[in-house]
Amino acid sequence: MSTLAVTTTLNGETVTFLCEPHETLLTALRDRLMLTGTKEGCSNGNCGACNVILDGTLVNSCLVLAAEVDGHQITTIEGIAGPNGLHPLQTSFLENAALQCGICTPGFIVASKALLDKNPQPTEREVRHWLAGNLCRCTGYDKIVRAVLEAASAGATKE
Amino acid sequence: MARVFIPPLLRARTGGLREIELEGATIGALLLALEAGFPGTRERLVLNERLMPGMAVIVDGEAAVDGLKSAVGPASEVHFVPAARGG
Amino acid sequence: MTQSNGFKVIGTRPVRHDGVDKVTGRALYGADVRLNGQLYGAMLRSPHAHARIVAIDTSEAAAVPGVKAIVTGADLPHVGDQIADIGEGAVNLRHLSANILAGRKALYFGHAIAAVAATSLTAAQQAVNKIKVTWEELPPVLNLRDAMAAGAAPLHPDVFTDELGEKSTTPSNIAEHLRHEKGDIAAGFAEAEVVVEREFVTGTVHQGYIEPHSATVQWNADGQLTVYCSTQGAFGVRREMSEILGVPISHVKVVPTEIGGGFGGKLNVYLEPVCALLSRKAGGRPVKMTMSRADVLAATGPTSASIVRVKLGARRDGTLTAAQAWMAFEAGAFPGSPVGSAAGVILAPYDIPNVVIDGFDVLCNKPKANAYRAPGGTNAAYAAESMIDELARALKMGPIEIRLKNAAREGTRRADGPVFPRIGFVETLEALLHHPHFQSRLERATGSRRRGRGIAAGFWFNWGGTSSASAQVNPDGTVALSEGSTDIGGTRTSIAMQLAESIGIPVNLVKPQVVDTDSVGYNDATGGSRTTFATGMVAYELGQKLREELIAHAARQFEVEAAAVRFEDGAFRTDGKPPLSYFDVCGALRDTGGEIVASVSMRTKGEGPAFGAHLVDVEVDIETGKVKILRYTAAQDVGRAIYPPFVEGQIQGGVAQGVGWALNEEYLYDKAGHMLNAGFLDYRMPTALDLPMIEALIVEVPNPRHPYGVRGVGEVPIVPPAGAVANAIFDALGVRMTELPMSPARNIAALAAAGVAA
C-alpha cells in the first residue's frame with residue numbers, strides 16, 4: 001500500500017505526517033500525531049466527538065480522509081486554549097459544570113467555537129440547533145447550552 | 001427472638017408460615033435454627049457456607065454487610081431479597 | 001465562611017479538580033492508551049443470532065503479514081459452574097466466560113467468536129475477514145412470548161427455572177422466577193371499589209455512553225497481567241480477569257483510565273480477557289482493542305426489553321388496597337436480567353397493604369443484558385406510574401394528591417418486606433406541588449398540536465458497598481487523596497469536598513486522584529449511586545483521622561496537651577498563646593512528629609433510599625405523531641447535595657436518558673435476529689435540539705446514617721421519565737400508550753386505533 005506524505009497547518013504550526021490513503025483524519029490525528037484530545041465515539045459522523053475545524057468549517061474528522069487536509073488548516077481541541085490560558089468557552093464549561101464524563105467535551109468545545117466564530121451572539125435555539133450534531137449522554141445538554149450562551153454574552157469572540 | 005420473614009417461594013417448606021421467631025445472634029445462627037425447625041430451608045438460602053449469590057439480607061431496614069456473620073439483635077427483623085445494586 | 005446549610009465546603013460550587021484536563025483534551029480515556037510495542041486487536045463476531053460452531057479455520061488469517069496471535073473460545077481455560085456475585089446479582093462464571101468468546105454456539109448477533117492481534121489495525125481486520133467459520137444455523141428465539149411459550153426450544157441444555165433454589169425438572173428459557181407477597185391480595189381486591197389493570201411492553205435499550213469500550217493488556221512472561229481500561233470498577237475487572245483466565249488475583253493489576261460514560265454498561269469485562277490471551281500468545285507484547293460503535297450496540301450489555309402487567313385496586317377515597325404486578329425481562333443469551341431490582345422498585349413509592357409481585361428472567365438470542373442506571377426501574381415505573389395515573393383519573397383525583405395519599409413514609413413496609421427508614425418521598429411530592437411549574441396553567445395548542453402534562457414518581461434503593469482511600473498531608477498544606485472509585489461525573493470533587501469539610505480546610509487544598517488496584521484498598525464499582533455516599537463516608541473518616549493528627553502536631557508545637565488545642569477557621573488555637581496557621585503546622589510536620597499519612601477502608605452501612613417526582617409538559621403533533629418536550633421539572637430527595645452542580649447534572653442527565661427511552665430508543669431486529677440499527681443515526685438518542693432546559697429541584701431530607709446526610713443521586717432520575725411522558729401524552733390525547741418507545745409511528749397507530757383524527 002502506498003504511504004502518503006501530508007503537510008498541513010495544525011493548530012498554527014506546519015506539520016508533515018505519513019498516512020495510508022484510506023486513513024481518516026481522526027486516525028491520523030490520534031495515532032500518527034498523538035493528539036488524542038479528538039475522540040472517537042462512532043466513526044460515522046453521528047456523534048461529533050471527533051469535531052475539528054478545517055479551514056474555518058466545523059467537520060467530523062472521522063469523515064475526512066487524512067490525505068485531504070494537505071495544504072489546509074486544522075484546529076483541534078489542543079489548539080483552542082491560547083498561550084495566555086484557557087479559551088473563554090473552556091472556562092465557561094468549567095464554571096457551568098457543563099461536563100460530566102468529559103468524553104464528548106472536546107467535540108462540544110470545538111463545535112461551540114466554530115459557532116461563536118460565525119455567530120457571536122446566538123440564541124438558545126441557535127445553540128441547540130448547531131450542537132445537534134454532538135451527542136452527550138451525561139448532561140441532558142442543559143449546562144452545555146448555558147455554558148455556550150454565557151461564553152457568548154461574555155464576548156468569547158474569534159481569537 | 002428475631003423475626004425472620006420467609007420468602008414466598010420458600011413458604012412451602014415452612015408449612016405456609018410467613019414469619020418465624022428464631023433465636024440467634026447472627027444470620028448464620030438464625031438459618032441453622034430455621035433448618036432445625038424446617039428441614040430443607042437453609043440449602044435454599046446458603047451456598048458453600050455463604051449467603052446465596054444474588055441475594056441480600058436486610059436487617060432492620062438496612063442491607064447487612066457481613067453475610068452469614070452479620071449481627072442480629074434480639075428484636076431484629078430479617079428479610080431475604082434479591083440483591084439490587086445499580087448501574 | 002459557613003453557609004446557610006451549616007457547612008463551609010459542602011454545598012459550594014468549586015471547579016472540579018480534573019476539569020482543565022477534560023476541557024483541553026489532555027485527559028486520557030481507554031482508547032488513548034498507547035504502550036511501546038503494542039499490537040492492535042480485532043474481533044470476529046457472529047453474523048447469526050443462533051448457530052452451532054462446527055469448525056473454525058484460522059490458517060489463512062495467520063498468513064496475513066503482521067499477524068502475531070489468533071485466539072478462539074478454545075483458548076479460554078475451562079471454567080466450571082460457579083455462581084458468583086458479580087455486578088447485578090448472581091452470575092455463573094461459565095456463562096461469563098462463554099460471553100467473552102463463544103464456545104460451541106453463537107448465541108446472539110455480534111457474539112465474539114475469535115480475535116486477532118497484529119502490528120496494525122488494518123492487518124488485524126484483514127486477518128479477521130479471513131477466518132473461516134463453518135456454521136450450522138439454528139432457529140433463534142427473539143422475544144419474551146416465544147421464549148416463554150410451552151415447548152419453546154431452550155437456549156441452554158443446562159439452564160432450569162430457579163425458584164429460590166428449587167429447579168425445574170426440564171431445561172427452560174425461564175431462568176428464574178421470583179416473587180414478593182405482602183398481606184392478602186384477594187381480600188385487598190375484594191375491598192377495592194375501583195380496579196384498573198393493563199399490560200405494558202418496553203424495547204431493548206442501550207446505556208449509550210459515548211466512549212466505546214477499549215482495553216490494552218500486557219501479559220508478562222513472569223505471569224503478571226497489567227490491564228489498562230475504561231471501567232466503572234477496576235477491582236471488578238481484576239476479579240473477573242482472575243476468574244475467567246484462571247490466574248491468581250495478585251497477578252492482575254488494573255489501571256483505570258478516565259471513563260467516557262458507563263451507566264452500568266462498564267461494570268463487566270468484554271475485551272480485556274481476549275486482549276490478555278492475545279498478549280500471551282504474542283510473546284507478552286501489549287494488545288489494544290477498541291470496539292466500533294456497531295460492536296458496542298450489538299454486542300455489549302444493553303438493558304432488557306420487558307413485559308409488565310400491573311393491576312391496582314383502591315377505595316373511592318383513593319386509598320390503595322391492593323396491587324399485583326407480573327413482569328418478564330429479557331436476559332439475553334445468559335441468565336441475569338435486572339428483574340430482581342425491578343420487582344423491588346415497581347411499587348416502592350406507595351404504602352399498599354396487599355401486594356403480589358412476580359418476576360421472570362427470560363433467555364433469548366440477544367446480547368446478555370447488563371445494568372443500566374437504576375436497572376429495571378424505568379421499565380417497572382413506566383407501567384406502575386401509568387396505572388397510578390389511570391387510577392387517579394378514574395377517581396377524579398389530582399396526580400400529586402393520589403400519590404401523597406398513598407406515599408411511602410418512614411415505617412412503611414415495602415412489598416418485598418423491609419421497613420423504610422427516614423425517607424423523603426412526601427417532601428419531594430410537596431416540593432413539586434408548590435413549584436411554579438405545577439402551579440402554572442398549560443396553554444392548550446391549536447390545530448394538529450395537542451398539549452398535555454404528566455407526573456410520575458420513582459424510587460431507587462441506593463447501595464453502600466465497600467470503599468477505601470488514603471491520604472497524606474504535604475508540607476505546603478495540600479492533601480493528596482488516593483481513591484479507587486472511578487470518577488464518571490465529578491466524584492473526585494464530591495469526595496474531596498467531604499474530606500476538606502471533615503478536616504476543616506478549603507477544597508482546593510485537596511488533590512484527588514484515582515489510582516490502580518495495587519495502589520489503594522478495595523473499592524466496589526462506581527454504580528448504584530454509591531460513590532459520593534460510601535467513598536464520601538470514607539473521606540469523612542479519613543478527614544477526622546488527619547484532623548486529629550494535625551491537632552497532635554500543633555499541640556507539640558504549642559507544647560501543650562492535644563486536648564487543649566482547637567482547629568477553627570484555618571488556625572490552631574490554644575489558650576494563652578498566639579494561634580498557629582494551618583500552613584505553619586503543615587510546614588513543620590517533620591519537626592513535630594513526622595509525616596501524616598492515613599488510610600481508611602469501610603464496608604459501609606446505612607444506605608439511604610431515595611425518591612423522585614417528575615413533571616413534564618409535552619406537545620404531540622397528531623399528524624406526524626412526534627412528541628416534543630416543552631418543559632420538564634424533576635424533584636428529588638438527594639439527602640444532602642454535596643456538590644450541587646453535579647447533583648443537578650445527574651438529575652438532568654437521567655431525565656434526558658429517560659426521555660430518549662420514552663420516545664425514540666429501541667433495538668430493532670429482523671426475523672433472523674440481526675440487529676438493524678447498530679449506529680447512532682438509527683439508534684436515536686436525544687440531541688440538544690430534542691430537549692428543553694431541565695429544572696432539577698433538589699430536596700434535602702438528610703440520611704441520618706451518613707455523616708453529611710448523603711443518599712445518592714444517579715439512579716433515581718431515570719426511573720420516572722417514561723411514565724411521566726406517557727401520562728402527559730394521555731393528558732394531551734386521551735390515549736394510553738402501552739409500548740415504549742412512544743415513537744411517532746407508534747403514536748400514529750395508537751391514535752388511529754383510538755379513532756382520534758388529525
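Atoms considered below: every heavy atom in the structure, side chains included; atoms not considered: hydrogens, waters and symmetry mates. Just so we're on the same page: letters track the sequence lines, and every chain starts at 1. Remember, predicted model here, so these are calculated numbers, not experimental data.
- In this structure, chain B has no heavy atom under 4.5 Å from any part of C/T303.
- Counting heavy atoms from C-beta on, the side chains of C/H180 and B/P82 come closer than 4.5 Å.
- Contact of C/R530 with chain B is not made at all, since no heavy-atom distance falls under 4.5 Å.
- Ion pairing of C/E607 with B/R85 is absent here, as no side-chain N (NZ or NE/NH1/NH2) approaches a carboxylate O to less than 4.0 Å.
- How far CZ of C/R413 is from CZ of B/F5: 4.0 Å, rounded to the nearest 0.5 Å.
- The shortest side-chain heavy-atom distance between B/L9 and C/E166 does not fall under the 4.5 Å cut-off.
- Nearest heavy atom pair, residue C/G417 against residue B/E77, reads O-OE1, 4.2 Å.
- Partners of C/D162 according to the side chain to side chain donor-acceptor pair (under 3.5 Å) rule, which considers only residues two or more places apart in sequence or in another chain, are C/K167.
- C/L164 approaches B/L45 most closely through the heavy-atom pair CD2-CD2, 4.2 Å.
- No other option in C/R373, C/E181, C/H177 has as many heavy-atom pairs under 4.5 Å with chain B as C/E181.
- Residue-environment remark: CG (C/D81) exceeds the threshold of 12 foreign heavy atoms within 6.0 Å.
- Between chain C and the options B/M55, B/M52, B/R11, the largest number of non-hydrogen pairs under 4.5 Å is found for B/R11.
- A pairwise comparison of heavy atoms in B/V65 and C/T604 identifies CG1-O, 3.4 Å as the closest pair.
- Neither the backbone nor the side chain of B/R50 comes within contact range of chain C; no heavy atom of the residue lies under 4.5 Å from a heavy atom of that chain.
- Proximity to chain C involves both the backbone and the side chain of B/D66, based on heavy atoms less than 4.5 angstrom apart.
- Salt bridge status for C/E163 with B/R44: absent, with no side-chain N to carboxylate O gap under 4.0 Å.
- Of the atoms belonging to B/I58, it is side-chain heavy atoms, and not backbone ones, that fall under 4.5 Å from chain C.
- For the pair B/H79/C/D416, no side-chain contact is recorded, criterion being any heavy-atom separation below 4.5 Å from C-beta on.
- Closest heavy-atom contact between C/W460 and B/G86: CZ2-CA, 3.5 Å.
- Ranked by heavy-atom pairs under 4.5 Å with chain B, the first of C/R705, C/K266, C/Q207 is C/R705.
- Heavy atoms of C/F461 lying under 4.5 Å from chain B belong exclusively to its side chain.
- Checked by atom type and distance alone, the side chain of C/Q232 pairs as donor or acceptor with a backbone atom of B/G87 at under 3.5 Å.
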